[in-house]
> 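Dumping the structure here so I can ask a few things about it.
Ligands are counted one by one from 1 in listed order, and the atoms in each one are counted from 1 as well. When reading the values below, keep in mind they use all heavy atoms of this one structure, side chains included, and skip hydrogens, waters and symmetry mates. All figures in this text were calculated on a predicted structure; none of them were measured in a lab.
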Amino acid sequence: MSVLDRFRLDGKVALVTGGSRGLGRVIAEALASAGASVALTARNSEQVHSAALGVQESTGARSLGIVADVTQDAEIRSAVARVLDTFGRLDILVNNAGINIRGPIEELKESDWDQVLDTNLKGPWLCCRAVSEPMKRQKWGRVINMSSMLGEIALPGRSPYASSKGGLDLLTKTLALEWAADRINVNALCPGPFATELNLPLLNDPTVNAAMQAKIPLGRWGEPVEIGPAAVFLASEASSFVTGACLFVDGGYTVQ
Ligand code: NAD
């Protein structure tokens with residue numbers, strides 16, 4: 001097997017949560033262009049079906065859109081069942097769906113905390129639990145948890161988000177140990193600042209935007225397309241001896 005062959009995903013099936021836009025959409029397209037069939041989930045039916053069609057048209061891979069909210073166990077279980085019915089297997093889970101509600105702790109509501117933790121931490125836990133059986137049966141799996149540089153370092157005004165991503169890093173490490181014997185590798189992909197809709201409040205404020213760029217050693221926001229190759233690495237045989245790791249794609253932000 002040549003080194004590039006180790007990155008191929010032919011015959012594999014991936015499920016990407018929150019895949020209708022942003023980094024999830026880019027990751028779905030990257031996995032599909034490496035040969036995987038891809039199922040995307042999102043809460044909005046029109047958006048998820050149009051994204052699935054877009055991935056299929058741009059890559060030629062089989063693609064499926066599924067409406068599912070990652071905070072709802074029944075919806076997650078039925079999404080996994082749908083993937084298994086459609087493709088017959090499930091090899092790669094990308095826990096990508098995530099939200100951020102920013103603000104000083106005094107100004108945040110309890111419901112803000114609940115919403116962020118439910119989406120960013122409980123959601124991946126529910127999704128991992130739902131894919132455990134098929135992946136264990138196959139004795140092969142890859143889980144990629146979309147964490148953040150904010151699982152490792154802090155910024156003011158991010159108490160729910162940073163707490164959720166710090167928790168997600170430890171969920172990653174715990175499941176890496178629980179599932180190692182079943183050849184299911186569990187890793188965290190930790191982006192730095194990427195120019196997506198999640199960061200519109202920062203991108204649209206010229207002062208905050210300039211201050212953010214000044215803090216990034218590479219001097220710019222990440223382009224969404226720059227996350228795809230890292231996801232393909234963690235989804236493939238290329239990362240066969242990598243589990244429980246946090247892979248930073250952050251322009252050098254966290255090494256300062
Ligand atoms: P985005 O807001 O563009 O996309 C997030 C997607 O998740 C959306 O499609 C949204 O609808 C979906 N989603 C939210 N709640 C959901 C739920 N309950 N059920 C199903 N889907 C839901 O954000 P993005 O920038 O593409 O971020 C993707 C992931 O990467 C997130 O987990 C985010 O925390 C992480 N991340 C992003 C950055 C960045 O700079 N953009 C940095 C670090 C980490």
Side-chain angles (χ1 to χ4, degrees), residues 15-30 39-52 54-55 65-76 78-79 93-102 112 114-127 130 144-155 158 160-169 171-172 188-203 208-209 212-213 215-216 218 220-228 230-231 234 246-251 253-254:
L15 173 62
V16 182
T17 68
S20 61
R21 70 175 203 202
L23 302 183
R25 167 77 191 262
V26 169
I27 288 173
E29 220 155 283
L40 317 178
T41 72
R43 290 161 301 173
N44 181 295
S45 171
E46 198 187 321
Q47 286 173 14
V48 78
H49 290 113
S50 129
V55 168
I66 304 173
V67 178
D69 182 330
V70 295
T71 67
Q72 303 302 316
D73 189 40
E75 293 181 28
I76 292 306
S78 108
L93 166 67
V94 184
N95 277 315
N96 168 78
I99 58 169
N100 193 358
I101 302 177
R102 303 174 179 88
D112 295 331
D114 288 343
Q115 215 183 320
V116 174
L117 270 289
D118 279 359
T119 308
N120 296 3
L121 186 52
K122 182 179 164 189
W125 187 84
L126 291 174
C127 291
I144 302 173
N145 289 326
M146 287 299 278
S147 182
S148 169
M149 67 180 195
L150 292 176
E152 170 83 8
I153 54 144
L155 282 179
R158 312 303 203 280
Y161 186 83
S163 305
S164 72
K165 297 300 189 180
L168 187 56
D169 288 349
L171 173 64
T172 301
L189 183 49
C190 306
F194 273 75
T196 66
E197 287 181 56
L198 186 81
N199 285 322
L200 282 182
L202 316 182
L203 289 159
V208 176
N209 189 333
M212 180 56 89
Q213 292 197 55
K215 282 202 216 162
I216 305 168
L218 289 184
R220 61 176 176 83
W221 290 83
E223 290 296 327
V225 71
E226 295 179 295
I227 206 72
L234 291 179
C246 298
L247 174 57
F248 289 91
V249 182
D250 67 353
Y253 200 111
T254 48

> Do Asn209 and Leu202 make a side-chain contact, defined as non-hydrogen atoms from C-beta onward lying under 4.5 Å apart?
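Of all side-chain heavy-atom pairs linking Leu202 with Asn209, none is under 4.5 Å.
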
> Distance from Asp118 atom CG to Leu126 atom CG, nearest 0.5 Å?
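Rounded to the nearest 0.5 Å, the CG-CG separation comes to 9.0 Å.
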
> Do Gly19 and ligand 1 have an N or O pair less than 3.5 Å apart?
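The answer is no, given that Gly19 and ligand 1 share no N or O pair closer than 3.5 Å.
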
> Which residue supplies the protein heavy atom nearest to atom 31 (C) of ligand 1, what is that atom called, and how far is it?
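For atom 31 (C) of ligand 1, the nearest protein heavy atom comes out as Asn96 O, 3.1 Å.
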
> Around atom 27 (O) of ligand 1, find the nearest protein heavy atom and jot down its residue, atom name and distance.
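Nearest protein contact, heavy atoms only, for atom 27 (O) of ligand 1 is Leu198 CD2, 4.1 Å.
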
> Using distance alone, determine whether Phe194 and ligand 1 share an N or O pair under 3.5 Å.
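Yes - when backbone and side-chain N and O of Phe194 are compared with those of ligand 1, one distance drops under 3.5 Å.
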
> Test Glu75 against Arg43 for salt bridge (charged side-chain N to carboxylate O under 4.0 Å, His left out), laying out the working first.
CA-CA 10 Å; Glu75 293 181 28; Arg43 290 161 301 173; over 6 Å; no

> Under a heavy-atom criterion of less than 4.0 Å, does Arg25 contact ligand 1?
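Contact check Arg25 vs ligand 1: negative.
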
> Closer than 4.0 Å to some heavy atom of Ser147 - which atoms of ligand 1 meet that?
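Listed by number with element: 35 (C), 36 (N), 43 (C), 44 (C).
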
> Starting from atom 11 (O) of ligand 1, which protein heavy atom do you reach first, and at what distance in Å?
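Result for atom 11 (O) of ligand 1: Arg43 NH2, 3.2 Å.
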
> Run Ser147 and Asn145 through side chain to side chain donor-acceptor pair (under 3.5 Å) and show every step you take.
CA-CA 6 Å; Ser147 182; Asn145 289 326; over 6 Å; no

> Would Asp69 count as being in polar contact with ligand 1, using the rule that some N or O on each side must be under 3.5 angstrom apart?
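N/O-N/O distance below 3.5 Å exists for this pair.
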
> Using a 4.0 Å cut-off to any heavy atom of Ser20, which atoms of ligand 1 qualify?
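Within the 4.0 Å cut-off of Ser20, ligand 1 contributes 9 (O).
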
> Would you kindly specify which portion of Asp118 sits under 4.0 Å from ligand 1, judged on non-hydrogen atoms: side chain, backbone, both or neither?
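Neither; no heavy atom under 4.0 Å.
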
> So is Val70 polar-close to ligand 1, meaning N/O to N/O under 3.5 Å?
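Yes - when backbone and side-chain N and O of Val70 are compared with those of ligand 1, one distance drops under 3.5 Å.
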
> Which heavy atom of the protein is the closest neighbour of atom 6 (C) of ligand 1, given with residue, atom name and distance?
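Residue, atom and distance for the closest contact: Gly18 O, 3.6 Å.
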
> Please state which option from Glu197, Gln47, Arg21, Met149 has its nearest heavy atom closest to atom 2 (O) of ligand 1.
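Comparing heavy atoms across Glu197, Gln47, Arg21, Met149, the nearest one to atom 2 (O) of ligand 1 lies in Arg21.
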
> Go through the steps to decide whether Asn120 and Ser164 satisfy the test side chain to side chain donor-acceptor pair (under 3.5 Å), and finish with yes or no.
CA-CA 6 Å; Asn120 296 3; Ser164 72; 3.2 Å; yes

> Look at atom 26 (O) of ligand 1 and say which protein heavy atom is nearest, naming residue and atom and giving the distance to 0.1 Å.
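That would be Leu23 N, 2.7 Å.
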
> Among all protein non-hydrogen atoms, which one is nearest to atom 41 (N) of ligand 1, and what is the separation to 0.1 Å?
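The closest heavy atom on the protein side is Thr196 OG1, 3.0 Å.
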
> Which heavy atom of Asn95 sits nearest to which heavy atom of Cys127, and what is that distance?
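Closest heavy-atom pair between Asn95 and Cys127: OD1-CB, 3.2 Å.
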
> In terms of atom number and element, which parts of ligand 1 are under 4.0 angstrom from non-hydrogen atoms of Gly22?
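Those atoms are 3 (O), 26 (O).
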
> State the atoms of ligand 1, each with its element, that fall below the 4.0 Å cut-off from a heavy-atom position in Asn199.
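Matching atoms, with element in brackets: 39 (C), 40 (O), 41 (N).
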
> For Gly192, counting its heavy atoms only, list the atoms of ligand 1 lying under 4.0 Å from any of them.
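Near Gly192, the atoms of ligand 1 are 38 (C), 39 (C), 40 (O), 42 (C), 43 (C).
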
> Nearest to atom 20 (C) of ligand 1, what protein heavy atom do you find, and at what distance?
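Scanning the protein heavy atoms, the shortest distance from atom 20 (C) of ligand 1 goes to Ala68 O, 3.6 Å.
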
> Decide yes or no on side chain to side chain donor-acceptor pair (under 3.5 Å) for Asn199 and Trp221, but give the supporting numbers first.
CA-CA 10 Å; Asn199 285 322; Trp221 290 83; over 6 Å; no

> Going by the atom numbers of ligand 1, which of them fall below 4.0 Å from some non-hydrogen atom of Ile99?
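What qualifies from ligand 1 is 14 (C), 15 (N).
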
> Test side chain to side chain contact (heavy atoms under 4.5 Å, CB included) on Leu198 and Tyr161 and set out the steps.
CA-CA 12 Å; Leu198 186 81; Tyr161 186 83; 4.2 Å; yes

> Looking only at heavy atoms, what is the nearest atom pair of Asn96 and Gly18, with distance?
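It is ND2-O, 3.0 Å.
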
> Suppose we screen for side chain to side chain contact (heavy atoms under 4.5 Å, CB included). Which residues come up paired with Thr41, at least two apart in sequence or across chains?
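Partners of Thr41 by the side chain to side chain contact (heavy atoms under 4.5 Å, CB included) criterion, ordered by chain and then number, come out as Leu15, Thr17, Ile66, Ala68, Ala79.
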
> Measuring from atom CG of Asp250 to atom SG of Cys190, what distance do you get when rounded to the nearest 0.5 angstrom?
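Going from the CG atom of Asp250 to the SG atom of Cys190 covers 8.5 Å.
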
> How far is atom 33 (C) of ligand 1 from its nearest protein heavy atom, and which residue and atom name does that atom have?
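The closest one turns out to be Tyr161 OH, 3.5 Å.
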
> For ligand 1, which atoms sit closer than 4.0 Å to a heavy atom of Pro193?
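Heavy-atom distances to Pro193 below 4.0 Å select 40 (O).
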
